[in-house]
There are 2 protein chains.
Amino acid sequence: MTKHIYIYSPSSAVRDKAAFRRGVKRLRALGHEVEVDDAALSVHQRFAGDDATRLAAISRAAASGADVALIARGGYGLTRILDAVPYKALTKAIEKGTEFVGCSDFTALQNALLAKTGAVTWSGPAVGEDFGAEAGPDDIMEACFDDLLTGQGEGTGWRMPARDVDLKFKPVQDATLWGGNLCVLTSLLGTPYFPMVEKGVLFIEDVNEHPYRVERMLDQLKMAGVLARQRAIVFGQFTGIRLVPGYDRGFGLNTVIDRLRATLKVPVLAGLPFGHVQTKVLLPVGAKVSMAAEGRDIFLVWGHRHAHGHDDHHGHDHHHAH
Amino acid sequence: MTKHIYIYSPSSAVRDKAAFRRGVKRLRALGHEVEVDDAALSVHQRFAGDDATRLAAISRAAASGADVALIARGGYGLTRILDAVPYKALTKAIEKGTEFVGCSDFTALQNALLAKTGAVTWSGPAVGEDFGAEAGPDDIMEACFDDLLTGQGEGTGWRMPARDVDLKFKPVQDATLWGGNLCVLTSLLGTPYFPMVEKGVLFIEDVNEHPYRVERMLDQLKMAGVLARQRAIVFGQFTGIRLVPGYDRGFGLNTVIDRLRATLKVPVLAGLPFGHVQTKVLLPVGAKVSMAAEGRDIFLVWGHRHAHGHDDHHGHDHHHAH
């Protein structure tokens, strides 16, 4: 099953060219037709080309007619061009069957698009960090990506942390899934690019952010009324946290989660395998989902999403990541 | 001229107790009656006491009848208690003549108070980092603090960076001065604690924030419409920036300032001696100011601000910091 994959760079410059090449090679070895955007390896300051170059690359990805448009890497660069992103062209491409996949800085484009047109994009891998990982791509990530390509994926699942064994979670249905990188998402608050999702499932992840900064961002979303409007908040992976002994005195991510649970009526789940980690599932930002728990196992289901919009439900195929 | 100074801890726990004691000693050596809040050295997790303890300390500072209520230090802790801060008691205390002084995390309380009641507070020193500095307090900071105590200060001034020698700046009058720490201020956007200042003078500073994060915060304020509503944006000191050679490729703070100037009609000034630096002026957040340039010299004037609200203008006394 050969698919057409278009690779482009909307954010930071690709620095690890070896990882990028490994990623492209891996996707080709899987049998896909991989098209690399002309500006994918451009460099301007810290960006993959200047703003006009990256905007043109996004437009080319939208015009590519590919099955999947995949970012080379995240980093930084999308928030500063949100006023000029071709939202209509992206939405038209998505309607015609191109799935846009990315993570980290890509959160800005995903949620801005959700705010502007409601189009669905995928939080998922990048070429370099994921497909080009030195130890080889993660099995679960690849299985989820394959589900997207074949249109077989209908959901995902994971096991909650042991400390949450007694957590009760009432099933949620017909809720909009949204979110991504917490820092990038929060940097949209107050702007026209922050999606006003009511009764949604908000998932978040971050890297190299101290728990106090994670808490401050969550408090901002809370004080803005965003969190109370959701049906569930789902913590993905928060990596690169370094506590300072004798200073933080136990103020870690679980402290933040516990306080959030104590001050918010909305259920707060943890353990989602998504973030700046190798084992990451793919998540449809903007799609309607249902979510339920069986003991410590959470099932997040979006149903059958075919490129051309058929919405039939015939048995779940989701990769459960423990 | 003995003044009553009340010292309290609304944010992070005081870790450098030696610096704190040096600061208290210095203020006493200047002839002041220094009252230290009972919880000033409390510790809970990373905070100077739990939320209730710090809120009680803020209330005691408001009830102290002191001439100045001064924070022990900044850090983190105010954003998470903004829903419970006694804004009315603080405003009443300010009307009765207590001046509240602080910086960094204190930005949250200052701007929330401005949003809630319009009361004026001072961006300025903290006990430990400033009065307790190992090399002794900075002369200009102490002179500005003395101006506040005596009611003599009517403004401040500074010299713009050499690169801005050709910058033209039309005088601004009757504009509300506001701002402080950029990260803390931005963390209020979208919440009821962000002041909706029109035609103001917005000053900003930060520490240990990479230029790309400074840009992302400014873009958030810009996309929210905040920057275009101002009469001027004033950059204070941005310290602790570490660029990564070969990666940032020249993307420094001046890159951020230049792009802001290219994309915003509002004048952007630089060089304000305020931030996480020893040489810091005191700035009345919420006060009406006028601002004008003479060559590279900027004069920021708030006029006579006496504790009991007389608003007469009799000659400027401002400390010019180069």
Side-chain angles (χ1 to χ4, degrees), chain A residues 11-13 15-16 43-47 50-51 75-83 105 108 112 183-194 196 208-213 215-226 243-244 246-252 255-256 259-260 262-263, chain B residues 11-13 15-16 43-47 50-51 75-83 105 108 112 183-194 196 208-213 215-226 243-244 246-252 255-256 259-260 262-263:
Chain A
S11 303
S12 278
R15 283 191 78 211
D16 190 343
V43 179
H44 171 76
Q45 292 169 347
R46 47 183 300 126
F47 308 103
D50 62 16
D51 291 353
Y76 170 67
L78 276 164
T79 46
R80 53 183 258 154
I81 55 175
L82 286 180
D83 283 346
D105 189 50
C183 193
V184 174
L185 182 72
T186 307
S187 78
L188 305 180
L189 191 66
T191 81
Y193 306 108
F194 190 85
M196 287 296 149
N208 299 335
E209 291 289 351
H210 192 285
Y212 91 82
R213 296 182 74 119
E215 178 174 89
R216 191 164 60 191
M217 290 187 274
L218 288 166
D219 274 355
Q220 184 174 7
L221 295 175
K222 191 169 67 176
M223 292 188 294
V226 173
L243 296 190
V244 185
Y247 185 50
D248 286 304
R249 299 172 65 98
F251 191 86
T255 319
V256 173
R259 174 167 168 274
L260 191 63
T263 56
Chain B
S11 303
S12 279
R15 284 190 78 211
D16 189 344
V43 178
H44 171 76
Q45 293 169 346
R46 46 185 298 126
F47 308 103
D50 62 16
D51 291 353
Y76 170 67
L78 275 164
T79 46
R80 53 183 261 154
I81 56 176
L82 286 179
D83 283 347
D105 189 50
C183 194
V184 174
L185 182 72
T186 307
S187 78
L188 305 180
L189 190 66
T191 82
Y193 306 107
F194 190 87
M196 287 296 148
N208 298 336
E209 291 289 350
H210 192 285
Y212 90 81
R213 296 183 72 120
E215 178 173 89
R216 190 165 59 193
M217 290 187 273
L218 288 166
D219 274 355
Q220 184 174 8
L221 295 174
K222 191 169 67 177
M223 292 188 294
V226 173
L243 296 190
V244 185
Y247 185 51
D248 287 304
R249 300 171 64 97
F251 191 85
T255 319
V256 174
R259 175 168 168 273
L260 191 63
T263 57

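The figures here come from the full heavy-atom set of this structure, side chains too, leaving out hydrogens, waters and symmetry mates. In what follows, chains are A, B, ... by sequence order, proteins preceding strands, each numbered from 1.
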Here the gap from B:His210 atom NE2 to A:Arg46 atom CZ, rounded to the nearest 0.5 Å, amounts to 4.5 Å

The interface call for B:Leu218 against chain A, heavy-atom contacts under 4.5 Å, is neither

Of all heavy-atom pairs linking B:Arg249 and A:Gln45, the shortest is CD-O, 3.1 Å

Output for pair (B:Gln220 CD, A:Thr79 OG1), nearest 0.5 Å, gives 9.0 Å

Chain A shares the most heavy-atom pairs under 4.5 Å, among B:Ser12, B:Ala224, B:Ala13, B:Gly77, with B:Ala224

side-chain contact (heavy atoms from CB on, under 4.5 Å) filter on A:Arg15, not counting sequence neighbours, yields A:Arg73, B:Tyr247

_Audit row: B:Tyr76, A:Arg213, side chain to side chain contact (heavy atoms under 4.5 Å, CB included) steps and yes/no_ = CA-CA 9 Å; B:Tyr76 170 67; A:Arg213 296 182 74 119; over 6 Å; no

Cut-off 4.5 Å, heavy atoms of chain B, and the answer for A:Tyr193 is side chain

Answer key: most heavy-atom pairs under 4.5 Å with chain B among A:Arg80, A:Lys222, A:Met217, A:Met223 is A:Arg80

Counting heavy-atom pairs under 4.5 angstrom with chain A, the leader among B:Thr191, B:Val244, B:Val43 is B:Thr191

Check your understanding: Any idea how A:Phe251 and B:Phe47 line up, ring-wise: parallel (<30°), tilted (30 to 60°), or perpendicular (>60°)?
Key -> perpendicular

Between B:Arg259 and A:Asp51 the two heavy atoms that sit nearest each other are NE-OD2, 4.3 Å

Pair count under 4.5 Å, heavy atoms only, with chain A: among B:Thr263, B:Leu221, B:Leu189, highest is B:Leu189

Taken to the nearest 0.5 Å, the spacing of A:Glu215 CD from B:Ser187 OG works out to 11.5 Å

Distance col, row A:Leu78:CG vs B:Asp219:CG, nearest 0.5 angstrom, shows 12.0 Å

So, the part of A:Thr255 with a heavy atom under 4.5 Å from chain B: the answer is side chain

The reported gap from CZ in A:Arg216 to CG in B:Leu188 (rounded to nearest 0.5 angstrom) is 9.5 Å

Whatever's closer than 4.5 Å to a heavy atom in chain B on A:Val226 counts as neither

